[in-house]
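The shown structure was predicted, so the numbers you read here are calculated from the model rather than taken from an experiment.
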Amino acid sequence: MTMENRTTVFYVDDNLKSSRLLASVLEGSGFRVITAHDPLEALGLCRKTSFDIALLDYEMPGMTGSQLAQEIKFILPDVPVVLISGYAALPSTELVFVDAHFGLGTALDDLLWTMRTLTGAQLLTSVGHRAIAHRDNAHRVGAHGADST
């Protein structure tokens, strides 16, 4: 996949170590990543740059990820926003402008799948995943065929 065809993630996290790690994973998974480490810096950047999805940390100084999500949705209402946090759940009032929340115990594969789904990005699948999908489809076709006889 060429650089121009990759889904662009706008990733905002004040924790530099976490940001570098997740940005590296996202890039290795086929995404293009633009990072910001401060919510106010992020607001300025989102007015000047183009991206397909926003990935926001919840706890940041000066503005929460939920508050930043609201500001991003006012500027770019069609851009999906994913919030990540260290909490298993957040109050619904914190998720009003968020398309998905991933908290404590989230599997990385679930986060990546959701980000691709929200953006309509082409799924980068492994041979194992294709084999499982093929097996499941064959099972459904077999079951459907048995029901129709």
Side-chain angles (χ1 to χ4, degrees), residues 1-140:
M1 190 178 300
T2 65
M3 179 80 129
E4 296 79 31
N5 294 335
R6 294 193 299 169
T7 298
T8 301
V9 178
F10 184 48
Y11 175 35
V12 185
D13 191 337
D14 64 305
N15 183 317
L16 296 177
K17 189 175 182 179
S18 295
S19 178
R20 279 192 299 269
L21 177 63
L22 188 52
S24 176
V25 169
L26 292 170
E27 288 171 352
S29 298
F31 292 100
R32 179 174 171 260
V33 181
I34 300 168
T35 59
H37 304 291
D38 174 84
L40 296 177
E41 170 196 4
L43 277 176
L45 271 175
C46 79
R47 289 183 177 101
K48 295 188 269 185
T49 190
S50 176
F51 53 93
D52 302 301
I53 188 168
L55 178 63
L56 312 175
D57 181 36
Y58 176 68
E59 286 195 25
M60 295 184 285
M63 180 183 295
T64 66
S66 296
Q67 293 166 328
L68 181 56
Q70 180 176 358
E71 296 296 324
I72 289 172
K73 286 290 190 175
F74 284 149
I75 297 166
L76 301 162
D78 296 329
V79 171
V81 175
V82 175
L83 189 65
I84 54 176
S85 74
Y87 300 101
L90 290 171
S92 60
T93 55
E94 294 294 302
L95 302 174
V96 172
F97 296 95
V98 173
D99 296 284
H101 169 247
F102 289 93
L104 189 64
T106 295
L108 180 60
D109 285 344
D110 292 340
L111 174 64
L112 295 172
W113 183 85
T114 298
M115 290 173 63
R116 288 182 181 120
T117 300
L118 287 171
T119 60
Q122 180 181 3
L123 294 177
L124 300 176
T125 59
S126 68
V127 173
H129 286 119
R130 284 192 297 258
I132 290 168
H134 177 71
R135 182 199 68 211
D136 289 348
N137 285 337
H139 176 71
R140 278 193 287 277

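In this structure, the side chains of Leu68 and Met60 come closer than 4.5 Å at one or more pairs of heavy atoms. Taking the side chain as every heavy atom from C-beta outward, Leu90 and Val98 never approach each other to under 4.5 Å. Leu22 has its side chain out of reach of Asp13: every pair of non-hydrogen atoms, C-beta onward, lies at least 4.5 Å apart. The closest side-chain heavy-atom distance from His101 to Tyr58 is not below 4.5 Å. Looking at Asn15 and Asp57, their side chains never come closer than 4.5 Å, going by heavy atoms from C-beta outward. When side chains are defined from C-beta on, Val9 does not count as touching Thr35, because their heavy atoms never get closer than 4.5 Å. The side-chain heavy atoms of Leu55 and Phe102, taken from C-beta on, include no pair separated by under 4.5 Å. Looking at heavy atoms from C-beta onward, Phe97 lies out of side-chain contact with Ser66 at the 4.5 angstrom threshold.
Nearest heavy atoms, Ala23 versus Tyr11: N-CE2, 4.1 Å. When all heavy atoms of Pro80 and Thr119 are compared, the closest pair comes out as CG-CG2, 4.4 Å. Of all heavy-atom pairs between Ala54 and Phe51, the closest is CB-CE1, 4.0 Å. Nearest heavy atoms, Leu83 versus Leu95: CD2-CD2, 4.0 Å. Nearest heavy atom pair, residue Leu45 against residue Ala36, reads CD1-CB, 4.0 Å.
The backbone N or O of Thr8 lies less than 3.5 Å from a partner atom in the side chain of Asp52, making a donor-acceptor pair. In this structure, the side chain of Thr49 does not engage the main chain of Cys46 through any donor-acceptor pair within 3.5 Å. Between the side chain of Thr114 and the backbone N or O of Leu111 there is no donor-acceptor pair closer than 3.5 Å. With hydrogens and angles ignored, the 3.5 Å screen pairs a side-chain donor or acceptor of Gln67 with a backbone N or O of Thr64. Between the side chain of Asp99 and the main chain of Val81, a donor-acceptor pair closer than 3.5 Å is present. Between the Lys73 side chain and the Val79 main chain, a donor and an acceptor come within less than 3.5 Å of each other.
Atom CD in Glu27 sits 10.0 Å away from atom OG in Ser29 (nearest 0.5 Å). Atom-to-atom distance recorded for Glu71:CD and Leu43:CG is 5.5 Å, nearest 0.5 angstrom. Between Leu21 atom CG and Leu26 atom CG the span is 9.5 Å, to the nearest 0.5 Å. Here the CZ-CD1 distance, from Arg116 to Ile53, works out to 11.0 Å after rounding to the nearest 0.5 Å. To the nearest 0.5 Å, atom NE2 of residue His37 and atom CG of residue Leu16 are 5.0 Å apart. Expressed to the nearest 0.5 Å, how far CG of Leu56 lies from CE of Met63 amounts to 10.5 Å.
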Legend entry - Chi angles and distances behind the side chain to side chain contact (heavy atoms under 4.5 Å, CB included) call for Gln70, Val96: CA-CA 8 Å; Gln70 180 176 358; Val96 172; over 6 Å; no
Inset, instruction - Please step through side chain to side chain contact (heavy atoms under 4.5 Å, CB included) for the pair Trp113 and Thr117, ending with a clear verdict. - result: CA-CA 6 Å; Trp113 183 85; Thr117 300; 3.5 Å; yes
